[in-house]
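Have a look at the structure below before the remarks.
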Protein chains: 2
Amino acid sequence: MSKLRSAPTLDDVARQAGVSTATVSRCLNAPDRVVEATRQRVMQAVEALGYTPNFAARVMAAKRTFTIGAIIPTMENAIFARGLQAFQEELHKRGYTLLVSSSAYRPEVEEEQIRTLVARGADGLLLIGHDRNPQIHDYLERQKVPAMVAWSYIPNARAPSIGFDNRQAMQALADRVIGLNHTRIAMISGVSEGNDRARLRIEGARDALRKRGLNPDSLSIIETSYEVENGAEAFARLISQSPHPTAILCGNDVLAAGALRQAQSMGLNVPEDVSITGFDDIELARIVSPALTTVHVPHREMGSKAALELVEMVENSTPGSTIRLQTEIVERQSLGPANNS
Amino acid sequence: MSKLRSAPTLDDVARQAGVSTATVSRCLNAPDRVVEATRQRVMQAVEALGYTPNFAARVMAAKRTFTIGAIIPTMENAIFARGLQAFQEELHKRGYTLLVSSSAYRPEVEEEQIRTLVARGADGLLLIGHDRNPQIHDYLERQKVPAMVAWSYIPNARAPSIGFDNRQAMQALADRVIGLNHTRIAMISGVSEGNDRARLRIEGARDALRKRGLNPDSLSIIETSYEVENGAEAFARLISQSPHPTAILCGNDVLAAGALRQAQSMGLNVPEDVSITGFDDIELARIVSPALTTVHVPHREMGSKAALELVEMVENSTPGSTIRLQTEIVERQSLGPANNS
DNA sequence: TTGTAAGCGTTATCAC
DNA sequence: GTGATAACGCTTACAA
């Protein structure tokens, strides 16, 4: 049986070019440390053989992968997509490759993915939100893999983070709602357990009620997972209360879109009969009609700054700094004055 | 200076447990080939040291990564998300990890990503659509990395594929439109160059005109990239023609959502004044109002079957088979009879 | 059942 | 500038 010819190695290239493997390696990694003529010869051999360096071997020898891993809760909605795209673009400029996996909002899956990415030699990790088993951070420290948290700003947390103050942002929005004379307010939130963003947004809404002299416990909250259908269902339940809420704060735009759809299918006018607000300002917020009044999050800025910061941590072993980004309320058509009939 | 203690290796575990590295390796990879007592001891050592196998080393020795790579054109809209999620879930069941990267619809980026993933030892690749430089397939063959194409069904193409017949699907939809007495039809397509799905959908629309005795060249087409804004702009241009089209076929739901928004902001009623159709049946199609009449694509089925097929190719060196999935038209509210005034 | 030792394909440190 | 050569951490015959 003939020996299967497998992918060409450095050695093959070296032999073909009549040089040593060291020279070939230099041609690829530090071209100026090799004389033009030999480099030409080597590159020709590389071309001719269709050589691609073996990544695993390179990693073993160099102990660097130029790879950053990111674990996001879901790819199925656009919340993280835009920020991640900017993250990737910035990394690419700096010579890094991004590997993404999604945990489906399950902590144990996230943990597994973290270990997988570390085992694969990720030079650094991007994680979403602060809530997780602290042992994971012990593990990352032992493995010396720097990690940065995004989509949430919490100073002095275990890991440096870049994001916005979810609590304050929702408080500002709720305050705006109350300013329009809404007093019967409800909220459709993402599942708050293990999700600091969701939890802080709830707290923010309560803060607003409190500051305006309303009872924070009067806020009826339904927690549900982040899908359009769930938003619709939750809306149906909340609106059946009597007297029904005149404004419904949603934990994100996807839930808000679901709520809106449900309102419409129940023959309710938004915002005349009931106001609905979103959070995130993803594309969807402008697509639905009425367009959503929501909280704009600077996704791209967050992604690119996260990349810069993380690369800095990786390359200079710095602890990483925590960065706060500003959000702003964008007023569109889904929020109007209360109709307290 | 004290030696920095780095991540524990197999050797450390072996020493701690008082066995050889081979035994530790076996405990991890073939637990039944080791006696219970020693395994206990080894596992304790693993636990105590917080050992994680070094992936690169493992790959070098075993020549398998249990990793599948996927390169999708974009993460920024939901077209690929659901199918990819199913793909990942199925792979996970089979013990594989999925690595995803996005090419931003740029062929040269896709090519680079393919090389990156191969260099990283991906055991197999999932690619979207058939249009690409054929040299890439030569390369993959040389590297012996099986690849499967999804989102497009083309028999006898260079790579096996799983998907649907884009041409036939759009033809069926256009036929339905014509059956509602539309004769002035326009199309908002994705950029067709380097995108067989977009191209075939255009062809399908023309086929329908032809079969119904209409002039296929009467189909005015605007090609644009896949974002809501582009759909809106294209709609504005098409509708300004006189007489204006009564039905606008969109290359996907995102473009359709943009067209719909633009129609509404111009005070046009859909479908009374103009009909709009989508393609893909992503969540968005049900969120907008009127909800989109569109082509339903079995995304999850496509993803999981692609995984099965690709794993089969990887594990048994089979050539892979080409699988055709069925689409169906879902009638909602954005398509109505022509108003030929 | 367990241990020994030979790779795996690079990079990096020295000499030359 | 270039060439030997020793790691890097693991898997896997083969031997014991």
Side-chain angles (χ1 to χ4, degrees), chain A residues 3-43 45-46 49-67 118-121 123 143-144, chain B residues 3-43 45-46 49-67 115-116 118-121 123 143-144:
Chain A
K3 183 189 164 209
L4 280 179
R5 197 181 33 131
S6 56
T9 71
L10 245 207
D11 223 78
D12 298 327
V13 177
R15 201 167 315 129
Q16 169 111 3
V19 298
S20 75
T21 59
T23 300
V24 179
S25 176
R26 279 192 286 262
C27 283
L28 269 27
N29 301 308
D32 19 294
R33 300 189 47 202
V34 105
V35 103
E36 177 65 15
T38 54
R39 206 184 65 211
Q40 294 257 331
R41 216 152 18 102
V42 169
M43 288 325 231
V46 165
L49 269 49
Y51 167 78
T52 319
N54 177 306
F55 181 74
R58 172 175 282 193
V59 169
M60 277 208 63
K63 313 229 167 216
R64 280 294 305 281
T65 61
F66 285 95
T67 297
V118 168
R120 275 156 206 267
D123 292 335
Q143 302 281 335
K144 303 197 199 310
Chain B
K3 185 190 163 207
L4 280 179
R5 195 182 35 132
S6 54
T9 71
L10 244 207
D11 224 76
D12 299 327
V13 177
R15 202 166 315 128
Q16 167 112 3
V19 297
S20 75
T21 59
T23 300
V24 178
S25 175
R26 277 184 213 110
C27 285
L28 268 26
N29 301 309
D32 19 294
R33 299 192 47 201
V34 104
V35 99
E36 178 65 15
T38 53
R39 205 183 66 210
Q40 295 257 329
R41 214 150 22 100
V42 169
M43 287 326 229
V46 166
L49 269 50
Y51 167 77
T52 319
N54 177 307
F55 181 74
R58 172 177 282 196
V59 169
M60 278 209 63
K63 310 227 167 220
R64 279 295 303 284
T65 61
F66 285 96
T67 297
R115 288 182 188 276
T116 302
V118 168
R120 275 157 206 267
D123 291 335
Q143 301 281 335
K144 303 199 200 310

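Just the heavy atoms: all of them, side chains too, but no hydrogens, waters or symmetry mates, feed the values below. Here is the naming used below: chain letters follow the sequence lines, and residue numbers restart at 1 for every chain.
Taking B:R41 as the reference, nothing meets the salt bridge (Lys or Arg N to Asp or Glu O under 4.0 Å) condition, with sequence neighbours excluded. Not counting sequence neighbours, the partners of A:F66 by the ring-ring contact (aromatic ring centres under 6.0 Å, His included) test are A:Y96. For A:V59, the side-chain contact (heavy atoms from CB on, under 4.5 Å) partners at least two apart in sequence or on another chain are A:F55, A:T65, B:A56. By the side-chain hydrogen bond (donor to acceptor under 3.5 Å, both in side chains) test, B:T116 pairs with no residue at all, sequence neighbours left out. In this view, B:T38 satisfies the side-chain hydrogen bond (donor to acceptor under 3.5 Å, both in side chains) rule with no residue, not counting sequence neighbours.
Pairs passing the salt bridge (Lys or Arg N to Asp or Glu O under 4.0 Å) check and including a residue from residues 17-32 of chain B, sequence neighbours excluded, do not occur.
The span of DNA chain D lying next to chain A, judged by atoms under 4.0 Å from heavy atoms, is bounded 5' to 3' by D:dG1 to D:dG9.
When the nearest nucleotides of DNA chain C are assigned to B:S20 and A:A56 by heavy-atom distance, the more 5′-ward of the two goes with B:S20.
Between A:P8 and A:G50, the closest heavy-atom pair is CG-O, 4.1 Å. In terms of heavy-atom proximity, A:C27 sits nearest to A:R39 at SG-CG, 3.7 Å.
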Just the table, please: protein N/O against nucleotides 10-13 of chain C N/O, every pair under 3.5 Å.
unit_1, atom_1, unit_2, atom_2, d
C:dT10, OP1, A:Y51, OH, 2.8
C:dT10, OP1, A:N54, N, 3.3
C:dT10, OP2, A:L10, N, 2.6
C:dT10, O5', A:Y51, OH, 3.2
C:dT11, OP1, A:N29, ND2, 2.9
C:dT11, OP1, A:R58, NE, 2.9
C:dT11, OP1, A:R58, NH2, 3.3
C:dT11, OP2, A:S25, OG, 2.5
C:dT11, OP2, A:N29, ND2, 3.4

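B:D123 has its side chain out of reach of B:K63: every pair of non-hydrogen atoms, C-beta onward, lies at least 4.5 Å apart.
Separating the CG atom of A:D12 from the C1' atom of C:dC8 is a distance of 13 Å, rounded to the nearest angstrom. For the pair B:R120 CZ and C:dG9 P, the computed distance is 18 Å after rounding to whole Å. When rounded to the nearest whole Å, the span between CD of B:Q40 and P of C:dT1 equals 16 Å.
Tested against B:Y51, the residues B:L10, B:V42, B:D12 include a single side-chain contact (heavy atoms from CB on, under 4.5 Å) partner, B:L10.
Residue B:K63 places at least one side-chain N or O under 4.0 Å from the OP1 or OP2 atom of C:dG9.
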Do any side-chain atoms of residues 13-23 of chain B form donor-acceptor pairs under 3.5 angstrom with protein atoms, and if so which ones, sequence neighbours left out?
unit_1, atom_1, unit_2, atom_2, d
B:R15, NH2, B:D11, OD2, 2.7
B:S20, OG, B:A22, N, 3.3
B:S20, OG, B:T23, N, 3.3
B:S20, OG, B:T23, OG1, 3.4

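Inter-axis angle, ends of the helix from C:dT1-D:dA16 to C:dC16-D:dG1, five pairs per end, rounded to 10 degrees: 30°.
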